[in-house]
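One structure is given here, and the rest of the page talks about it.
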Amino acid sequence: MSVRPPSFMLVYDGELSLDDKFSPTYIGGKCRPLQVPFNSTLKQLKERVLRALKYDPSKFLAAIVARFPVGKEFMASKVEDDDACEFALSLAATELLILYVEVEEIRTECNFDEDNSTQIHDSVVVEHADELRDTTDRSIPVRNANLGYASRKYIVNYIICHKLCNRFLKLRECQCRSIHETYGINLSCPSTQSQHSPIFGLNDIRLSTPTIDDEGYETMSSGSSDDVEEDVDELVNDENVNINGVKDNINEYIREYCVRTDNTEEQMTVNNEYAEFPKSTRQWNAEVPSESRSIHSLTNDEYVIPNELVEHMCFRRKSELKFAIQGWSIINNVQFVVVASNRQKFTIECIQHDNLTAKCHWRLHASLSKRLGGVWKIATIKGQHTCTNPILQAGHRQCNSQFISFFIIPTIRKQMDIKPREIIGRVEAKFNIKVSYMKAWDSRRKAIKSVFGSWEESYRSLNLFMEAIVAAMPGTVYKIQSSSTQRFQRLFWAFGPSINGWKYCRPVLSLDGTFLLGKYRGTLLIAVGLDANNGLFPLAFGIVESECNESWIWFLRMLHELVPSISSRSDLCIISDRHAGLVRGCREIFPSAAHRHCLRHLRENFKKAVRQMGISDVEFVCQKMYTAGNTDDPDLFNQMMVDIIKIKPEIHQWLVERDLSKWTLIFDGGFRYGVMTTNASEAFNGILKRARGLPVQALITAIYYNIVRMFIRRLEMIIAEEHQSNNFFSARVQVKIRKLESDARRIPEPTRVNLHEFQVFDMSSRSYRVDITPGSNSLCSCGRTIIYHMPCAHVISCTAAVRLSHLEYVSEFYTLNNFKMTYADEFHTIPDKQFWPIHDPVVGLYPLTPPNFRRRSGRPKSTRYRNTMDERRHESSRVCSHCHMTGHNKTTCPARRRNH
């Protein structure tokens, strides 16, 4: 009698769980048949299994658990030696044997210790029963099981029944004897060999463990109908969603995203160069590196689509069951209709079931299994599909927006800003089906809601979220303005470390706003300072209904009331555009502060005025205006203004009416510290562009992680600077001082007029008056010492002549000590939802309702209405030899024509 080769069904990419009788249940996963030679050893079996699953045996290890029949039931046992392997091969020769496979990458010595330390912290104690007290170890560490993509960990206390183990071993020994008598195979039952360890090892099997509460142990689910949700947004209504509708690991997703989208130091510094803000979405995407990952890199986190649907296949929740069936139907190009669907069962049949000409009898029934702890199990599959079409259809019935949202959930976690076009490409690459743009957009909306929670829940517990931040980070302030019906209107907040750090920054604030892209309309207002190294320093934020007069006045009032360090600085300078709300707010709330206008915004207003006056070469005139405002040379300023008068006197009058001290550097009086634009706040808004479409709590979390990463990176830079050199000032200021020292060496020796006054001639034979007094500020007729709060080359030349140090005339806001104290305070982790306070009307914590400025239906705009600021500047390599300006030559030079 010939014996067929041992046949196995490999089940992998899922999770194995055991009930109280050690009966196995495999949740999710894929399956694949395998036949091996009868005389295979355990090593050869594992190599065949790895090769069948497309793994390299030299780089991966396989752990095998076999499902052995015991009477009418099944019991799991780990295959860990050659005897167990021989026993499994003998059973597989008579019937199909299921092997549960778990593949693990071979660890190197460098990360072995790290993994062991993690296991120690993540271990729990498994107590033994009284029958097993003769063992030497009183406790066995077992790693916590990971239950699915929600990463829920449960702790279990198992009591191993000695009689049950003996019963299992006796039944297996009887099976060995039966096979020996039938086929004449000489088997050594592992249970009879005391020198070998038992085949069944509890510590070696990956278990899905029950939940635990304060009163005792419970099962994973009570199995009642109230525990299961039928809504299409099941992931949001699942029990692992926080109070605010945000998943437990949302902070991890946002933190990793902030690390990937983090800007470099060069991009997060202030500069006075003309920049085209805000950019269009197409321009932004062309400059930002693509973060798209290959589909294969996300398969470990995706919902599993099995190769085949078999009976007794189990899933954690109904959404996973539906996704698996839908994905299998799309891949096999078959369709189905739902016959019955409720909280207890899910029955479907082929769409051709009622077709009289070509009837298909395929039918599937799944139900909620209370015995298995509330998992969904495929109970029966009747018939085979006889309606399979080899040609894929353009629009598949099961490829709906809910299925696509489940498919892109792993991508949303890593790439929050994924666009509908990219979703269309991913679906087409995976299933060869091209979906519509609106279906892709709707699936993205559902996926964001599943991962980050709903906007409504985010607003509902917003005050609890902010209270938790205040408790974790002392000094943090916030203010929520709501209506009498507790409807959200406005939010202001500033983190404690940012408030304390701004005391050591220059007294300059840059204000700007950017619109939000989520379900509800709104605008994010931001106040940004500048540190000693010319880096941007985010101070305060606000979420308001729009960038109107009332919202800006409210934001400035909150800055004045909640951040006292701002109002206490007498030399405060606020740089912003000429918005009416900002002009009025600065005049009423900060009367002693110097309000300066952003030169870039003024340039665009000037550009409109020039066009209205009918001047042809608009860019030529605007370039002269920008040069006049950004220069620290009085002669160059006068030359530019004279040229503008020659073009048209009305243009010059327009500039003079805007108050020269508000937009020019030489008439500023030193309040700006050389900062001419709001590029600092614009740069930080650009960092948050990808997170502006998230719910409000996720947006605040993204801002938090961006600032935290900025603090850490700059602290590391400060520590490296202290170890590498003995510089007294920050790195960028030190570079500027060295350049000034180099310029001072080329200046002729100054003439001393009295003890403190000098006369200096530069290389152009222009004369300057310099006054240096030890212990006070230095003065120079060039004006640069007042503008930049540091000595100019003329002052350095005079201090060198009298053997004084010019470094004492540099402002303290440029020192390395101020740079270090700016980032001295520490951020702390945002507490988990279980440590948040609860809504209590006594203390004023009411549940909030979403704002009434909900976005209209349709595709939202990702950029504001385009104006002159969004126009491309015409780049030209032509330089006029007469006026040395770009864009024209000597023949067409406007200045030359006017002179003639």
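- Between Ser405 and Lys449, the side chains place no donor N or O within less than 3.5 Å of an acceptor N or O (distance only, hydrogens not considered).
- Residues forming a ring-ring contact (aromatic ring centres under 6.0 Å, His included) with Phe8 (at least two apart in sequence, or on another chain): none.
- Side chain of Glu102 to main chain of Ala63: no donor-acceptor pair is present (N/O by atom type, distance under 3.5 Å, no hydrogens or angles).
- Considering CD1 of Ile409 and OG of Ser450, their distance stands at 4.5 Å, rounded to 0.5 Å.
- Judged as a ring-ring contact (aromatic ring centres under 6.0 Å, His included), and not counting sequence neighbours, the contacts of Phe403 are Phe323, Phe431.
- No more than 12 heavy atoms of other residues, nucleotides or ligands lie within 6.0 Å of CD in Gln384, so this atom counts as exposed by the packing criterion.
- Remark: Thr849 pairs with no residue by the side-chain hydrogen bond (donor to acceptor under 3.5 Å, both in side chains) rule, at least two apart or across chains.
- Taking the six-membered ring wherever Trp is involved, the centroid distance between the rings of Trp836 and Phe465 falls below 6.0 Å.
- For the side chain to side chain donor-acceptor pair (under 3.5 Å) test with Glu349, the passing option among His361, Arg363, Lys382 is Arg363; the others fail.
- With hydrogens and angles ignored, the 3.5 Å screen pairs no side-chain donor or acceptor of Asn332 with any backbone N or O of Val334.
- For Tyr459 and Tyr520, the distance between ring centers is under 6.0 angstrom.
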Would you please test Ser461 and Lys833 for side chain to side chain donor-acceptor pair (under 3.5 Å) and show each step?
-> CA-CA 10 Å; Ser461 60; Lys833 69 180 188 306; over 6 Å; no
